[in-house]
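Reminder, nothing fancy here: chain letters follow the sequence lines and each chain counts from 1. Hydrogens, waters and symmetry mates are skipped; everything else that's a heavy atom, side chains included, is used.
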There are 2 protein chains.
Amino acid sequence: MTTDPATDDQPPGIRTRPSTVTLRDVADAAGVSKASASRALDPRSQYVSPELRARVMETARRLGYRPNASARATTTGATAMVAVLVSDIRDPYNAEIVHGVIEQAGASGLVATFAGTDHAIDDEVRVVRMMRSLRPHAMILTGARSGSTVSRTSLEEELARYTQEGGRVVIAGDDELPFDTAVVPRRRGASALVADLFRLGYRSPALIRPDHDSAAAREWEDGIVETARSLGMRIEYGAVVRAPMSRDGGYDAVRSLVEQRHEGLDVVLAATDAMAIGAMSAMRDAGLSPGTEIGVAGFDDVVGTEDVTPTLTSVDLALARVGAAAVELALTESAADRRRVEFEPRVILRGTTPARHG
Amino acid sequence: MTTDPATDDQPPGIRTRPSTVTLRDVADAAGVSKASASRALDPRSQYVSPELRARVMETARRLGYRPNASARATTTGATAMVAVLVSDIRDPYNAEIVHGVIEQAGASGLVATFAGTDHAIDDEVRVVRMMRSLRPHAMILTGARSGSTVSRTSLEEELARYTQEGGRVVIAGDDELPFDTAVVPRRRGASALVADLFRLGYRSPALIRPDHDSAAAREWEDGIVETARSLGMRIEYGAVVRAPMSRDGGYDAVRSLVEQRHEGLDVVLAATDAMAIGAMSAMRDAGLSPGTEIGVAGFDDVVGTEDVTPTLTSVDLALARVGAAAVELALTESAADRRRVEFEPRVILRGTTPARHG
DNA sequence: CTGAAAGCGCTTACAG
DNA sequence: CTGAAAGCGCTTACAG
């Protein structure tokens, strides 16, 4: 049992990944120093002879060299990465924002990293902690969050730690946390919707709002109610129903509205498209024909608004642009003041809200 | 203009991020060596006195220390990261798979990184190149891809480079590329659907399939056709319509079927739920009542199958589990042979396919 | 059980 | 314009 002396020569050291080509390899193959190779491969580097640069680039290409992002990050201290916290990617609302983030990140040469967060703040704290290890250039927080005040405090602490390290925090969504934010124009969208409906002749809305108390729900409701009031529209007592934020929630909400037998109610506004679609089903089941007998409008315009009959009026919140804007906020220098970007929402009037007589 | 001698002492070196706490800081604050601090923080490390470990952990907590993942990756050569390539996250089909990936990655202590790929192989090649820099533990490819043979070859080359570096490639979706794959059970699902419909009394199906030639579309069609034939069902000439993979595609397909006036057609099968929902609309517009007069079934069960009237029969492909399984394949040792995981799809019979007389 | 030292793959002043 | 050297923040044999 003797050891083969030939293998004894190999330095022990850490085992690296099998046959990864490194800068060293490229430099050797091109017959230059590592320093020169590094400069030749950096497009921003000035002092490289064209000849040397060409040779190194060609060698790198031939060997299939890809710089090690981790090594680069540990020397420069910077990562070309944004970390995105999403509650549930299956929610088309989130998916739309995330799509904007991915596109814009790609266009800006950044990698987007994701982690799920279960909607709960405690979970977000955990994820922020984990993500901090990656030293991302920025963290983008998406979606609604719910949790106790103490949870909220520890989230803010954890984010503060991150910003002290030089990280940037950007919110894509509701205007809840004290950071630069790309705002989803909910309030403005709700307001514009009501104004348009008024113009079409609607006068007495009922509201179906989510039964949890999120900033998003509040903004939607506020936008509706304020504009309705200012236009002299009547919101009857009991015409604001709380329900789970789902198709079935919308369905049940309309059933309870029907039982109450409101006088003169002419349009039902739901906080999401899914709820509105459920509401339409309930109307049909109650013998009411959505659109002709009573107006219906959803919100967000991400679910199948075109797939129901009649097609559903909704509000396009430009969510992909919100996601893209969040990335841009992360990339541009942060001002002393908190920044806020908001796009114009677009009301899309469809079959469920025909013009009203009179 | 004299330089302040006091500042002259500072080592020039690279500027690191403002006030990040490093292992060095923790070690100093705890009065131990970096080596000991490192070991104390590594739960798998054996030879640490409980006393020292406790002290270091407490210090780390107090300072808000988070290990630098890049530095760790450059020393160990391994990253706790999976890179996911998705074509379009807004597609609920993809979102469902990605959801499974994120969940399972989180549970396994991995970070999931995403990049979008525009469906085109050329773009995938670009993204794989970019992602290689991150040295992720694995790359997970999702969704359909289209492109020339030469594009496909360069994709395979780029992936080969990656595997030579020790990376793992896993496919979540269609059985197209020669790597470990978590299969979306399309063919099996299509087959089970037809069998169930046969049992309900349906005998003469029409097919609406996507007008592009993807592996997914092919598998669906093959599953349908084979099973139908083997059961003695009749698929009429011209009863297979190609259409864009969208609601409107489904709508138009049914119009053309109606024009052809097929005899005895008793059920329309669409390759996606969205197409099926469009098909239902077209039936109504043609004076046919979906469900009662003619059966309809979608596929995937991710869009609003419950939101139409009658509710839409579809097939649940367990997509989140497919995503999770892809992560698991990435984590377990790869066998010599290519591995393949496939779950049982679930046919969900709803209102659009009532039992047929006789 | 603990510490000093070497090394991971890069980048960037600093001298030529 | 180019190369030798130092340094980024870690981890892990190697000696005590």
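- Each of Ala71(A) and Leu52(B) was assigned the nucleotide of DNA chain C with the nearest heavy atom; the assignment lying further toward the 5' end belongs to Leu52(B).
- As a whole-Å value, the separation of Leu23(B) CG from dA4(C) P is 14 Å.
- OP1 or OP2 of dC10(C) has not a single side-chain nitrogen or oxygen of Ser38(A) nearer than 4.0 Å.
- Between Glu51(A) and Arg55(A) there is a salt bridge, with a side-chain nitrogen of the basic residue lying less than 4.0 Å from a carboxylate oxygen of the acidic one.
- Side-chain N or O atoms of Asn94(A) include one that pairs as donor or acceptor with a backbone N or O of Asp88(A) at under 3.5 Å.
- Within the 4.0 Å cut-off from OP1 or OP2 of dG9(C), not a single side-chain nitrogen or oxygen of Arg24(A) is found.
- As a whole-Å value, the separation of Asn68(B) CG from dG7(D) P is 18 Å.
- At the heavy-atom level, Ser49(B) lies under 4.0 Å from the strands shown only through sugar-phosphate atoms.
- The side chain of Ser33(A) contributes an N or O atom lying less than 4.0 Å from OP1 or OP2 of dG3(D).
- Across the P atoms, dC1(C) and dA5(C) are found 23 Å apart, a figure rounded to whole Å.
- The nearest whole Å value for the distance from the CG atom in Asp42(A) to the P atom in dT12(C) is 7 Å.
- Taking only side-chain nitrogens and oxygens, Tyr47(A) never comes nearer than 4.0 Å to OP1 or OP2 of dC14(C).
- dC1(C) atom P lies 9 Å from atom CD of Gln46(B), rounded to whole Å.
- In this structure, of dC10(D), dC10(C), dT12(D), it is dC10(D) that holds the atom nearest to the side chain of Arg135(A).
- In this structure, the CG atom of Leu134(A) is 13 Å from the P atom of dC10(D), given to the nearest Å.
- In terms of phosphate contacts, Thr22(B) brings no side-chain nitrogen or oxygen within less than 4.0 Å of OP1 or OP2 of dG9(D).
- Using modelled atom types, one side-chain atom of Arg168(A) and one backbone atom of Ala330(A) make a donor-acceptor pair closer than 3.5 Å.
- For Arg39(B) and Asp42(B), the salt-bridge test fails: no basic side-chain N is under 4.0 Å from an acidic carboxylate O.
- Between the CZ atom of Arg44(B) and the C1' atom of dT11(D) there is a distance of 10 Å, rounded to whole Å.
- Between Arg66(A) atom CZ and dC10(C) atom P there is a gap of 11 Å when expressed in whole angstrom units.
- Here, dA15(C) and dT11(C) have their P atoms 22 Å apart, quoted to the whole Å.
- On a pure distance criterion of 3.5 Å, a polar donor-acceptor pair joins the side chain of Thr74(A) and the base of dC8(D).
- Straight-line distance from the CG atom of Leu41(B) to the C1' atom of dG9(D): 13 Å, rounded to whole Å.
- The base-pairing partner of dC14(C), taking Watson-Crick or G-U wobble contacts with both distances under 3.5 Å, is dG3(D).
- The nucleotide whose nearest atom lies closest to any side-chain atom of Arg39(A) is, among dT11(C), dC10(C), dT2(D), dT2(D).
- Under 4.0 Å is where a charged nitrogen must lie from a carboxylate oxygen, and between Asp28(B) and Arg24(B) at least one such pair does.
- Picking from dT11(C), dT2(D), dA5(D) the nucleotide with the shortest atom distance to the side chain of Thr75(A) gives dT11(C).
- Residue Phe114(A) forms a side chain to side chain contact (heavy atoms under 4.5 Å, CB included) with just one option from Val127(A), Ile140(A), Val98(A), and that option is Val98(A).
- Side chain Thr20(B) to base dG9(D): no donor-acceptor pair is found below 3.5 Å.
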